[in-house]
Amino acid sequence: MFITNTSFVVNERRSPLSLDKKLLDWYDHNARVLPWRAAVGERADPYRVWLSEIMLQQTGVKTVIPYFEAFTTRFPTVEDMARAERDEVLRLWAGLGYYSRARNLHACAVEVVERHGGRFPDTVEGLLGMPGIGAYTAGAIASIAFGRRVVAVDGNVERVLSRVYQVEEALPKARPIITRLAQDLVPERAGDFAQSLMDLGATICTPKNPACGLCPWVAECGARKAGTMLDYPKKLAKKAKQMRYGAAFVARRADGAVLIGTRPEKGLLGGMVEVPNSAWTVEPVDALEPPLQAEWRHCGSVDHVFTHFPLRLAVYAAEVGMKVKAPEPYRWSSPNGPEGEALPTLFRKVLGVCKVPSP
DNA sequence: CACTCGTGGAG
DNA sequence: TCTCCAAGAGT
């Protein structure tokens, strides 16, 4: 019953229905209706499956939906996205986070059009290694859009299967074990199976307060039997995150234009728009180095949390004359401000704390 | 393997 | 307030 790194014992089957059959029966009655899913009996559009899977990486369904609608409205097909400037993709993506996904998204669209005739590869091997497509996403697209009998192991699958089989190995070492357990379950309806596992993990077998009473696998779940659902999946302890400090400078002209720049291609918020700001250091810095001479006033601070560290930015603002040239490497935004730019949430917060009081 | 890479919502 | 974390990928 317990699954460890050295021993495998598959659950004995007391019930007349196999696990996959029970899950698909449940899915047929409880599948969530989502914009990227095909209507019953129809084949899902690979482009929409791909787009949704990239957006859903480490991101909740509720957050993704409005972005998905905006993208599919602006780019109905992969050709439309491939033809667009990358910067437009970044602007549409602004606020969604993990911006390398947006850079890879456009690169992948270009690759599909220029090297694959506008069609996505229909196998895991063909999909793997395209920009932004890893093991999970390749499996998801291959099974959901192309009906390949392969697995897509994500956080939901890790949680569900580690509970059912009481996988004692901690993540990430448990991943290959879980992948094998999942592969052994994949039925003919591989795409529905993948999505049913995700729906189960998202709505029933949740991290906290799992609704075991509604679960189609309640009878064969080892953790449920032992009452230890919350102990799975086992995870390695994460290291503590250290606060970093910095300063940001909002230079505003009378017409509303704000001094902005573009961040380096790679790294944090790569390729996105920023306002001038200092280095972010563990020790607060008090020597200010504003981008230009002006009467800078401290107008508040912004707290923001990245995945691997929290950040506190002291925000300074100044009004500058219409004839002031933008110092290198910065530029002036449009008179309405940088709202239309590829501005990540951090810098939207910065602009928010020093808005000009309206008359 | 271990680290980087966003954001907002839930408890 | 604080912790966790959501359909991971790249290096």
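Reminder, nothing fancy here: chain letters follow the sequence lines and each chain counts from 1.
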Choosing from dT7(B), dG11(B), dG6(B), which nucleotide comes nearest the side chain of R101(A)?
-> dG6(B)
Decide yes or no on side-chain contact (heavy atoms from CB on, under 4.5 Å) for L96(A) and T63(A), but give the supporting numbers first.
-> CA-CA 8 Å; L96(A) 195 52; T63(A) 302; 3.8 Å; yes
May I ask you to check whether F71(A) and F68(A) place their ring centers less than 6.0 Å from one another?
-> no
So which one's nearest nucleotide on DNA chain B is more toward 5', F306(A) or L236(A)?
-> L236(A)
Starting from M243(A), walk the hydrophobic network (Ile, Leu, Val, Met, Phe, Trp, Tyr; side-chain heavy atoms closer than 4.5 Å) and list everyone else you reach, by chain and number.
-> Y245(A)
P spacing across the pair dA9(C) / dG8(B), given as an integer number of angstrom = 22 Å
What about T59(A), does its side chain sit under 3.5 Å from the base of dG6(B) through a donor-acceptor pair?
-> yes
dA7(C) versus dC5(B) - spacing of their P atoms, nearest Å = 23 Å
Taken to the nearest 0.5 Å, the spacing of L214(A) CG from N30(A) CG works out to 8.5 Å
Could you check which residues of residues 154-162 of chain A get a heavy atom under 4.0 Å from DNA chain B? Sort them by number, please.
-> none
What about the rings of H29(A) and Y27(A), do their centers lie closer together than 6.0 Å?
-> no
Upstream residue (5' side of DNA chain B) when G60(A) and P172(A) are each assigned their closest nucleotide | P172(A)
Are the ring centres of F249(A) and W296(A) closer than 6.0 Å?
-> yes
Every protein N/O within reach of nucleotides 3-5 of chain B N/O, cut-off under 3.5 Å:
{"unit_1": "dC5(B)", "atom_1": "OP1", "unit_2": "L268(A)", "atom_2": "N", "d": "3.3"}
{"unit_1": "dC5(B)", "atom_1": "OP2", "unit_2": "H308(A)", "atom_2": "NE2", "d": "2.9"}

Check DNA chain B against residues 339-347 of chain A and give the residues with a non-hydrogen atom under 4.0 Å, in numerical order.
-> P344(A), T345(A), L346(A)
Terminal contacting nucleotides, 5' and 3', DNA chain C versus chain A (heavy atom, 4.0 Å) | dC5(C) to dG10(C)
What does G201(A) touch in the nucleic acid at a heavy-atom separation under 4.0 angstrom: a base, only the sugar-phosphate, or nothing?
-> nothing
Pair up each side-chain donor or acceptor in residues 204-211 of chain A with any protein partner under 3.5 Å, not counting sequence neighbours, and list the distances.
{"unit_1": "T206(A)", "atom_1": "OG1", "unit_2": "K208(A)", "atom_2": "O", "d": "2.8"}
{"unit_1": "T206(A)", "atom_1": "OG1", "unit_2": "N209(A)", "atom_2": "O", "d": "3.4"}

Measure from CZ on R348(A) to P on dG6(B) and round the result to the nearest Å.
-> 15 Å
Is it the case that more than 12 heavy atoms not belonging to E265(A) sit under 6.0 Å from its CD atom?
-> yes
